[in-house]
Amino acid sequence: MNILTIPLRNIRRRPSKTLLLLLVFSLGVMSIVALYQVSLVVGHSLEKKLTTFGANMIISPATEKLSVSYGGFHMGDMLVDVQSLPEERTIAAIRSIELKDRISAVAPKLVTMTKVNDTAVALVGVRWHDERGIKSYWAVRGEFPSAPDQILVGSKASAKLGLALDDKTIIVGQDFTVSGILHETGGDDDTVILMNIDTLQALLDRQDATSFIEVAALCSGCPIEDIVAQIRQQLPNAEVKALQNVVNQRMASVQFVQKLALSISLVILVTAASMVALSMLSAVNERKKDIGILRSLGYGKSQIFIIFCLEAGFVGVLSGVVGYLGGFGASFKALEFLSLSDGVSPVFSVTHLLLACAVFGFITIVAAVYPAWKGAGVEPSTALIAL
Amino acid sequence: MLCAKNITKKFASNGSVVPVLKEVSVDIAEGEFVSIVGRSGSGKTTLLNILSTLVRADDGELYYQNNNLSTLSESHLNRLRQADFSVIFQFHHLLPYFTVLENTLLPFMRSLRSVNKEAVQKAHQCLDRVGLADKADRLPGNLSGGEQQRVAIARALVKSSKVLFADEPTGSLDKATGKQIMGLLSELHEEGLTVVMVTHEPAYAQLAERIVTIEDGLISSPADRHFFL
């Protein structure tokens, strides 16, 4: 028996009131937890979907630019020591970083210039599966190449080179068939010919070579700078660049979902905390007699304050447990109902459960501060009138 | 031991200020049994509340063991109520959701430290002393009025108070039970406890060594025990 016995006994004394308060606050906690879990999953799923709209990191060989001029005549810039990246080793290095779980797609490319039908054009070797993973917006007339001797031609390149669907053409001395024409993307892909990277490497006799590698990383769990730093550590001779505008755009979309959830949670929290405050205020008015008895026994204002705060705190902690478990379960149902999970589901965490208990216990104590302060301020004489 | 000097207390009522006590002085010696008597509204309960430090006087001074309580902080007065002073009331003096034993132990539940075994043992002794040893686990709602009052007395005894203030302790009891309670208070006084009691029962007032009569907020006379005869 100690001071905790008094609030605990009070909670037991008014079971219906306590249950109602617990129910209201638990529902609030449940909504907040469910919203949080749903926003996490939706954010993750949204970001995953966004990665299919392009990479947000580029890894290229380290180069040095040299401005060439002679006698005051500027002859332009040239890249010194242009090398290629070894495909297999570079991809293995990227996939081995500590934050490898955040790497969503890795798309290597080999780029070269050639002439087709006497017109200069860029040839890009890609891995179709990886490339389509980061370019879900690609739309093709015809089909994506499925054989090594098939090519995909950008819309502008097709017009410029006079290549139509199923046309045959010779590239670097080898026959190729146009299996598909890319619809206009508004990007660089419109002006190039795309083919299987293995075929291009063989044609150029540059086995395992890549010009650069595009990486799509998920940034909601960690800053892109951390991923960049870890890749740089693995590939000291490569240049690793984050496409900040792409990253920021995506994070803005993900954060919008999370901010929306946070705003709704705050409204729920304030409403639930107000209910606790109102309930505690009425408890103070109902229990002036008890306050009078305790004050006559030498209980100080601080002890009366603590009793009411603890009472609210108990409700908060209990609501934290009930609400967290309920919210966790509800988040599955919500994701199922909204068809949003996309293979990702909320993860139960004991740390989060304990944190929820601590946070909601603290919030109810804060909500009870004013009522408790009012209760503590009741003079024994005023309380005695109630007797 | 306890000395009130020129105590004045006013209460606001319907927009006007009503003086309840007008420069009242009273001196209570250690081990004395004093009854405060007077008509309803004469100010006797207010005087008891001021003497027991539950209410502060508007004017005047209150001394306990030569310390001026009028100038002491709230926390000092709390400490005094924790240790030296005990108050029993006419009604509702127990927490209904605590057992008899727990109500007796309430003075020891002020902190996170659990009530120690010695205190529990003493509480049982005190309940035994007031004849409630077998009802320690009952809730107050299952006790008679007299038994509830005895629990309040046990609670006063458990903290070894030096002064027991009783506000109409028999007011809500039948005659026989009232007699039992008064017998208990007399016993405690004989054992050395200072008792200050407000009553309007002449027979019970006469059990005190001294009777203080209050009339319209003034001590009319330090009446002797034959006042009511």
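So that the names make sense, note that chain A is the first sequence line, chain B the second, and so on, each numbered from 1.
By the neighbour-count criterion of 12 heavy atoms within 6.0 Å, atom NZ of A:K17 is densely surrounded, having more than that number from other residues, nucleotides or ligands. More than 12 heavy atoms of other residues, nucleotides or ligands shown are found within 6.0 angstrom of CZ on A:R13. For B:N66, the CG atom counts as loosely surrounded, since its 6.0 Å shell holds 12 or fewer non-hydrogen atoms of other residues, nucleotides or ligands. With a 6.0 Å radius and a threshold of 12 heavy atoms from other residues, nucleotides or ligands, A:F362 has its CZ atom at or below the threshold. The local environment of CD in A:E286 is crowded, with over 12 non-hydrogen atoms from other residues, nucleotides or ligands closer than 6.0 Å. Atom CD of B:Q65 has more than 12 neighbouring heavy atoms from other residues, nucleotides or ligands inside a 6.0 Å radius.
Ranked by heavy-atom pairs under 4.5 Å with chain B, the list A:N10, A:L4, A:L294 is led by A:N10. For the set B:R56, B:E74, B:R113, B:E102, the entry with the most heavy-atom pairs within less than 4.5 Å of chain A is B:E102. Ranking B:L106, B:V87, B:L77, B:D167 against chain A, the residue ahead of the rest is B:L106, based on heavy-atom pairs under 4.5 Å.
B:R81 contributes atom CZ, which lies 5.5 Å from atom CZ of A:R295 (distance to the nearest 0.5 angstrom). Here the CD-CD distance, from B:Q82 to A:Q303, works out to 6.5 Å after rounding to the nearest 0.5 Å. In this structure, CD1 in A:I6 is found 10.0 Å from CZ in B:R110, a value given to the nearest 0.5 Å. The distance from atom CZ of B:F89 to atom OG of A:S296, rounded to the nearest 0.5 Å, is 4.0 Å. Here the straight-line distance linking atom CD1 of A:I293 with atom CG of B:N103 works out to 7.5 Å at 0.5 Å rounding. Rounding to the nearest 0.5 angstrom, the gap separating the OG1 atom in B:T99 from the CE atom in A:M1 is 7.0 Å.
With a 4.5 Å cut-off on non-hydrogen atoms, B:F165 does not touch chain A at all. At a 4.5 Å heavy-atom cutoff, A:I306 makes no contact with chain B through either its backbone or its side chain. With a 4.5 angstrom heavy-atom cutoff, B:R79 does not touch chain A via any of its atoms. Contacts of B:L105 with chain A are made by side-chain atoms alone, with heavy-atom separations under 4.5 Å and no backbone atom involved.
At least one cation-pi condition fails for A:R12 and B:Y97: the charged atom is not both under 6.0 angstrom from the six-membered ring centre and inside a 45 degree cone around its axis.
For A:K301 against B:N78, the heavy-atom pair with the smallest separation is N-ND2, 4.2 Å.
Side chain of A:N2 to main chain of B:S114: no donor-acceptor pair is present (N/O by atom type, distance under 3.5 Å, no hydrogens or angles).
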